Amino acid sequence: MSPDSTASTAARPDVPDDSRVVLGADEIARALRRMAHEVLEHNKGGDNLVVLGIPTRGRHIAARLAALMAEVEGVDVPVGTLDITLYRDDLRRNPTRRMEPTTIPLEGIDDKVVVLADDVLYSGRTIRAALDALGDIGRPRAVRLAVLVDRGHRELPIRADHVGKNLPTSSSERVQVRLTETDGHDVVRIAKRGR
């Protein structure tokens, strides 16, 4: 197990007392490496791939996947971000989060295989919004979905093509992904909702 898996959470105010670690740093690294290999195998190499991360943490997962694929293939895989804020179907009910820039690689997405990357797949609504946003930018040859955690409870007919960890959860639980780039450490925890 990684140090994150065994570290005491009592002194950390951002970690609920009832949370448990489901993926530590080493497990996250292995999952992302496996996912990168799966994408390359399915695509028969890195040609015509574009990886787009959905902010916030999907952006970092996309960058890591692209770096791992480049390491394997020896060629850079274009990477960017796709902000979906204005495409969400819950704008009237929930406060809008801060918009982040959408950055599309110079190669664009037309006739490319676009891999959407995100941290957690839950209801499917974020991915539906991402598909709508993608349609306004161009016409990819295919769209694939890579997520670090698939927790189930889909409300839309959406599934991930590449999954780091399938994590059966109750709707009363919350999956908390922390990544070094935004949070200072890599860990996935599960806790009761409302904390």
Side-chain angles (χ1 to χ4, degrees), residues 14 16 19 22-23 28 31-32 35 38-39 42 49-66 79-105 109-110 112-179 181-183 186-195:
D14 63 325
S19 73
V22 291
L23 290 174
I28 290 172
L32 291 174
M35 290 166 63
E38 286 175 4
V39 170
H42 186 271
L49 275 177
V50 174
V51 184
L52 297 179
I54 300 170
T56 298
R57 289 172 185 83
R59 163 181 61 210
H60 306 301
I61 289 170
R64 290 187 194 188
L65 286 172
V79 65
T81 59
L82 182 66
D83 185 81
I84 55 106
T85 303
L86 296 179
Y87 294 88
R88 295 188 62 88
D89 63 3
D90 61 355
L91 287 176
R92 285 189 246 28
R93 291 189 300 151
N94 295 324
T96 306
R97 69 178 180 92
R98 183 177 57 88
M99 286 182 55
E100 298 196 26
T102 290
T103 57
I104 303 299
I109 64 167
D110 290 333
K112 305 285 186 193
V113 175
V114 173
V115 178
L116 291 175
D118 205 5
D119 55 350
V120 178
L121 177 57
Y122 185 32
S123 68
R125 292 181 181 279
T126 295
I127 303 310
R128 189 228 24 101
L131 292 170
D132 288 349
L134 209 53
D136 281 351
I137 294 168
R139 190 173 191 278
R141 180 167 42 106
V143 179
R144 301 193 58 77
L145 178 58
V147 296
L148 182 59
V149 175
D150 183 346
R151 64 170 295 179
H153 302 282
R154 221 70 81 237
E155 296 172 2
L156 299 172
I158 289 175
R159 69 168 179 79
D161 301 290
H162 310 287
V163 178
K165 173 99 173 154
N166 282 297
L167 186 61
T169 61
S170 144
S171 56
S172 66
E173 293 174 314
R174 187 172 42 115
V175 175
Q176 187 180 65
V177 174
R178 297 292 178 247
L179 297 176
E181 297 89 342
T182 52
D183 309 295
D186 283 353
V187 68
V188 176
R189 287 189 173 86
I190 190 166
K192 292 291 180 195
R193 208 175 268 291
R195 291 194 168 233

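The structure presented is a predicted model; accordingly, all values stated were derived computationally and were not measured.
- No donor-acceptor pair closer than 3.5 Å links the side chain of Arg128 to the backbone N or O of Leu156.
- Interatomic distance, Arg189 CZ to Leu23 CG, rounded to the nearest 0.5 Å: 11.5 Å.
- Residues Val147 and Val120 fail the side-chain proximity criterion, which asks for heavy atoms closer than 4.5 Å.
- Closest non-hydrogen pair, Thr81 versus Ile104, comes out as O-CD1, 4.2 Å.
- Of all non-hydrogen atoms in Ala130 and Ile54, the two that sit nearest each other are CB-CD1, 3.8 Å.
- Using a distance-only test at 3.5 Å, with no hydrogens or angles considered, no donor-acceptor pair links the side chain of Arg57 to the main chain of Ile61.
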Task: Worked check of side chain to side chain contact (heavy atoms under 4.5 Å, CB included) between Leu65 and Val39 - done: CA-CA 9 Å; Leu65 286 172; Val39 170; 5.8 Å; no
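- The environment of CZ in Arg139 is sparse: at most 12 heavy-atom neighbours from other residues, nucleotides or ligands sit within 6.0 Å.
- Here Thr56 contributes atom OG1 and Asp118 contributes atom CG; the two are 9.5 Å apart, rounded to the nearest 0.5 Å.
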TODO: Tell me, with the steps shown, if Thr182 and His60 meet side chain to side chain contact (heavy atoms under 4.5 Å, CB included).
DONE: CA-CA 9 Å; Thr182 52; His60 306 301; 3.1 Å; yes
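- His162 places no side-chain N or O within donor-acceptor distance of the main-chain N or O of Arg144, the cut-off being under 3.5 Å.
- The side-chain heavy atoms of Pro105 and Leu52, taken from C-beta on, include a pair separated by under 4.5 Å.
- A salt bridge links Asp161 with Arg159: the distance from a Lys NZ or Arg NE/NH1/NH2 to an Asp or Glu carboxylate oxygen falls below 4.0 Å.
- In this structure the side chain of Lys192 reaches within 4.5 angstrom of the side chain of Ser172, judged on heavy atoms.
- Put simply, the side chain of Leu148 reaches to within 4.5 Å of the side chain of Val188, judged on heavy atoms.
- Looking only at distances, a side-chain donor or acceptor of Arg151 sits under 3.5 Å from a matching main-chain atom of Ser170.
- The pair Glu181-Arg59 does not count as a salt bridge, with every side-chain nitrogen at least 4.0 angstrom from each carboxylate oxygen.
- Asp110 places no side-chain N or O within donor-acceptor distance of the main-chain N or O of Gly138, the cut-off being under 3.5 Å.
- The main-chain N or O of Gly80 is never found under 3.5 Å from a side-chain atom of Thr103 such that the two would form a donor-acceptor pair.
- Between Tyr87 and Asp136 the shortest side-chain heavy-atom distance falls below 4.5 Å.
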Open item on the list: What verdict does the side chain to side chain contact (heavy atoms under 4.5 Å, CB included) test give for Thr102 and Ile137, after you've listed the backbone C-alpha separation in whole Å, the side-chain angles of each residue and the deciding distance to 0.1 Å?
Closed with: CA-CA 10 Å; Thr102 290; Ile137 294 168; 4.0 Å; yes
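- Taking 4.5 Å as the limit, every side-chain heavy atom of Val22 sits out of range of all side-chain heavy atoms of Val149.
- Pairing each heavy atom of Asp83 with each of Ala133, the nearest pair is O-CB, 4.3 Å.
- Taking both residues in full, the closest heavy atoms of Met35 and Ala146 are given as CE-CB, 3.7 Å, listed atom of the first, atom of the second, then distance.
- Val113 has its side chain out of reach of His42: every pair of non-hydrogen atoms, C-beta onward, lies at least 4.5 Å apart.
- In this structure, Thr85 contributes its side chain and Met99 its backbone to no donor-acceptor pair below 3.5 Å.
- Rounded to the nearest 0.5 Å, atoms CD1 (Ile127) and CZ (Arg154) are 9.0 Å apart.
- For the atom pair CD of Glu173 and CG of Leu167, the computed distance is 8.0 Å after rounding to the nearest 0.5 Å.
- The CZ atom of Arg64 sits 4.0 Å away from atom CG of Asp186, with the distance rounded to the nearest 0.5 Å.
- Distance check, rounded to the nearest 0.5 Å: CG of Asp89 to CD of Glu155 gives 8.5 Å.
- With Leu116 as the partner, the side chain to side chain contact (heavy atoms under 4.5 Å, CB included) test is satisfied by one option alone out of Thr126, Leu131, Ile84: Leu131.
- With a 4.5 Å cut-off on side-chain heavy atoms, Leu179 and Asp119 do not count as touching.
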